[in-house]
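Beneath this line is the structure, given in C-alpha coordinates, with notes to follow.
All residue numbers in this chain count up from 1 along the given sequence.
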Amino acid sequence: KLKPLYLEAIEKAEQVSRGYNSRLRIGIIEGINLYGMITNITGYFEKEHPNIKIFFVQYSFKKLLDAFYSEDLDAVISYDFHLKGRHNMTTHVVTNYHPAWLIPKSNPLSQREHISFSDMENEDLLIVKNEECKEGVQLIIDCCRQYGNFYPKFVFVEDMNNVLLWLNTT
(Lines give C-alpha, C1' and ligand atoms only; values in the text may rest on other atoms or scores of the structure.)
Protein backbone atom coordinates (compact mmCIF):
# COMPACT_ATOMS: atom_id res chain seq x y z
CA LYS A 1 0.00 0.00 0.00
CA LEU A 2 2.93 2.34 0.50
CA LYS A 3 4.30 1.91 -3.02
CA PRO A 4 1.36 3.66 -4.78
CA LEU A 5 1.53 6.55 -2.29
CA TYR A 6 5.29 6.78 -2.80
CA LEU A 7 4.93 6.80 -6.60
CA GLU A 8 2.20 9.45 -6.41
CA ALA A 9 4.41 11.63 -4.19
CA ILE A 10 7.28 11.35 -6.68
CA GLU A 11 4.94 12.25 -9.55
CA LYS A 12 3.67 15.33 -7.69
CA ALA A 13 7.22 16.43 -6.87
CA GLU A 14 8.21 16.10 -10.53
CA GLN A 15 5.19 18.14 -11.61
CA VAL A 16 6.01 20.91 -9.13
CA SER A 17 9.60 21.04 -10.36
CA ARG A 18 8.25 21.56 -13.91
CA GLY A 19 6.00 24.41 -12.76
CA TYR A 20 2.76 22.43 -12.45
CA ASN A 21 0.84 22.60 -9.21
CA SER A 22 -2.22 20.70 -10.31
CA ARG A 23 -3.27 17.98 -12.72
CA LEU A 24 -6.33 17.01 -14.68
CA ARG A 25 -6.82 13.34 -15.57
CA ILE A 26 -9.19 12.78 -18.48
CA GLY A 27 -10.33 9.32 -19.56
CA ILE A 28 -11.51 8.75 -23.12
CA ILE A 29 -13.52 5.80 -24.36
CA GLU A 30 -11.39 3.61 -26.58
CA GLY A 31 -12.20 3.29 -30.23
CA ILE A 32 -13.04 6.90 -31.01
CA ASN A 33 -10.67 9.40 -32.52
CA LEU A 34 -10.62 12.62 -30.53
CA TYR A 35 -7.13 13.81 -31.39
CA GLY A 36 -8.37 17.15 -32.72
CA MET A 37 -10.38 17.71 -29.56
CA ILE A 38 -7.40 16.70 -27.41
CA THR A 39 -5.24 19.26 -29.19
CA ASN A 40 -7.85 21.95 -28.51
CA ILE A 41 -8.14 20.98 -24.84
CA THR A 42 -4.40 20.96 -24.24
CA GLY A 43 -3.96 24.22 -26.16
CA TYR A 44 -6.62 25.89 -24.04
CA PHE A 45 -5.11 24.69 -20.77
CA GLU A 46 -1.56 25.63 -21.79
CA LYS A 47 -2.79 29.16 -22.50
CA GLU A 48 -5.37 29.70 -19.74
CA HIS A 49 -4.09 27.38 -17.00
CA PRO A 50 -0.38 26.76 -17.58
CA ASN A 51 0.07 25.35 -14.07
CA ILE A 52 -2.25 22.40 -14.77
CA LYS A 53 -0.79 19.28 -16.35
CA ILE A 54 -3.27 17.25 -18.39
CA PHE A 55 -3.11 13.47 -18.70
CA PHE A 56 -5.22 11.53 -21.20
CA VAL A 57 -5.86 7.77 -21.01
CA GLN A 58 -8.13 5.44 -22.97
CA TYR A 59 -10.26 2.76 -21.37
CA SER A 60 -13.06 0.39 -22.30
CA PHE A 61 -16.61 1.31 -21.32
CA LYS A 62 -16.60 -0.41 -17.92
CA LYS A 63 -13.03 0.48 -16.97
CA LEU A 64 -13.66 4.13 -17.83
CA LEU A 65 -16.51 4.38 -15.33
CA ASP A 66 -14.66 2.31 -12.74
CA ALA A 67 -11.69 4.68 -12.95
CA PHE A 68 -13.95 7.72 -12.66
CA TYR A 69 -15.85 6.41 -9.64
CA SER A 70 -12.63 5.34 -7.92
CA GLU A 71 -11.39 8.93 -8.47
CA ASP A 72 -8.50 7.87 -10.70
CA LEU A 73 -10.00 10.21 -13.33
CA ASP A 74 -11.30 13.74 -13.00
CA ALA A 75 -13.39 13.68 -16.17
CA VAL A 76 -14.41 11.26 -18.92
CA ILE A 77 -15.27 11.61 -22.59
CA SER A 78 -17.60 8.93 -23.91
CA TYR A 79 -20.86 8.43 -25.78
CA ASP A 80 -23.96 9.99 -24.26
CA PHE A 81 -25.76 6.62 -24.04
CA HIS A 82 -22.87 5.37 -21.90
CA LEU A 83 -22.99 8.26 -19.42
CA LYS A 84 -26.69 9.14 -19.38
CA GLY A 85 -28.34 8.79 -15.96
CA ARG A 86 -25.18 7.91 -14.02
CA HIS A 87 -25.10 8.88 -10.35
CA ASN A 88 -22.64 11.50 -9.05
CA MET A 89 -21.90 12.65 -12.58
CA THR A 90 -22.91 15.70 -14.57
CA THR A 91 -22.83 15.27 -18.31
CA HIS A 92 -22.27 17.89 -21.00
CA VAL A 93 -22.66 17.28 -24.72
CA VAL A 94 -19.35 18.10 -26.39
CA THR A 95 -20.31 17.20 -29.94
CA ASN A 96 -23.15 15.41 -31.65
CA TYR A 97 -22.61 11.72 -32.26
CA HIS A 98 -23.81 10.27 -35.53
CA PRO A 99 -23.99 6.47 -35.46
CA ALA A 100 -22.75 4.67 -38.54
CA TRP A 101 -22.40 1.12 -39.79
CA LEU A 102 -18.81 -0.04 -40.03
CA ILE A 103 -18.77 -2.77 -42.65
CA PRO A 104 -15.76 -4.71 -43.94
CA LYS A 105 -14.99 -4.09 -47.61
CA SER A 106 -15.38 -7.81 -48.21
CA ASN A 107 -19.11 -7.56 -47.41
CA PRO A 108 -21.30 -6.69 -50.47
CA LEU A 109 -23.23 -4.20 -48.31
CA SER A 110 -20.09 -2.05 -48.18
CA GLN A 111 -20.62 -1.16 -51.85
CA ARG A 112 -24.02 0.41 -51.19
CA GLU A 113 -24.40 4.12 -50.79
CA HIS A 114 -27.18 3.81 -48.18
CA ILE A 115 -27.80 1.03 -45.68
CA SER A 116 -30.93 0.70 -43.56
CA PHE A 117 -31.47 -1.25 -40.38
CA SER A 118 -33.50 -3.85 -42.26
CA ASP A 119 -30.45 -4.50 -44.50
CA MET A 120 -28.62 -5.71 -41.39
CA GLU A 121 -31.21 -8.34 -40.39
CA ASN A 122 -29.14 -11.32 -41.59
CA GLU A 123 -25.75 -9.87 -40.66
CA ASP A 124 -23.71 -10.63 -37.57
CA LEU A 125 -23.31 -7.42 -35.58
CA LEU A 126 -20.03 -7.17 -33.74
CA ILE A 127 -20.46 -5.34 -30.45
CA VAL A 128 -18.85 -5.10 -27.03
CA LYS A 129 -20.22 -7.61 -24.55
CA ASN A 130 -23.27 -6.69 -22.50
CA GLU A 131 -21.27 -6.60 -19.24
CA GLU A 132 -19.02 -3.95 -20.78
CA CYS A 133 -21.75 -1.57 -21.96
CA LYS A 134 -25.33 -2.76 -21.54
CA GLU A 135 -26.64 0.64 -22.66
CA GLY A 136 -24.95 0.27 -26.05
CA VAL A 137 -26.26 -3.25 -26.55
CA GLN A 138 -29.79 -2.16 -25.61
CA LEU A 139 -29.58 0.84 -27.94
CA ILE A 140 -28.76 -1.44 -30.90
CA ILE A 141 -31.56 -3.86 -29.96
CA ASP A 142 -34.07 -1.01 -29.71
CA CYS A 143 -32.99 0.51 -33.05
CA CYS A 144 -33.11 -2.83 -34.88
CA ARG A 145 -36.59 -3.52 -33.53
CA GLN A 146 -37.87 -0.01 -34.24
CA TYR A 147 -36.31 0.61 -37.67
CA GLY A 148 -35.87 -2.91 -39.01
CA ASN A 149 -38.43 -5.00 -37.11
CA PHE A 150 -35.90 -7.69 -36.10
CA TYR A 151 -33.75 -8.79 -33.20
CA PRO A 152 -30.03 -8.46 -34.08
CA LYS A 153 -27.61 -11.37 -34.31
CA PHE A 154 -24.75 -10.29 -32.05
CA VAL A 155 -21.16 -11.42 -31.95
CA PHE A 156 -19.82 -10.18 -28.62
CA VAL A 157 -16.22 -9.08 -28.07
CA GLU A 158 -14.35 -7.83 -25.01
CA ASP A 159 -13.87 -4.17 -25.98
CA MET A 160 -13.87 -1.59 -28.78
CA ASN A 161 -10.26 -2.34 -29.68
CA ASN A 162 -11.33 -5.87 -30.64
CA VAL A 163 -14.16 -4.44 -32.77
CA LEU A 164 -11.70 -2.23 -34.64
CA LEU A 165 -9.15 -5.04 -34.97
CA TRP A 166 -11.78 -7.32 -36.49
CA LEU A 167 -12.87 -4.63 -38.96
CA ASN A 168 -9.29 -3.98 -40.05
CA THR A 169 -8.60 -7.66 -40.69
CA THR A 170 -11.69 -8.57 -42.73
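- Between Y151 and R145, the shortest heavy-atom distance links the atoms CD1-NH2, 3.3 Å.
- A distance of 10.0 Å separates CD1 in I77 from CG in L83, rounded to the nearest 0.5 Å.
- For the pair C144 and L125, the tightest heavy-atom approach, listed with the atom from each and the gap, is SG-CD1, 4.2 Å.
- Although no hydrogens or angles enter the test, the distance criterion places no donor-acceptor pair under 3.5 Å between the side chain of K153 and the main chain of E121.
- Residues V137 and F156 form a side-chain contact, since some pair of their non-hydrogen atoms from C-beta on lies under 4.5 Å apart.
- Nearest heavy-atom pair across C133 and F81 is SG-CE1, 3.7 Å.
- Closest non-hydrogen pair, F117 versus F150, comes out as O-CE2, 3.0 Å.
- In the displayed structure, N149 atom CG is contacted under 6.0 Å by at most 12 heavy atoms of other residues, nucleotides or ligands.
- The number of heavy-atom neighbours closer than 6.0 Å to CD of E71, taken from other residues, nucleotides and ligands shown, is 12 or below.
- More than 12 heavy-atom neighbours from other residues, nucleotides or ligands sit within 6.0 angstrom of OH on Y69.
- For the pair T39 and T42, the tightest heavy-atom approach, listed with the atom from each and the gap, is O-OG1, 3.1 Å.
- Using a 4.5 Å heavy-atom threshold, the side chains of S78 and L64 count as touching.
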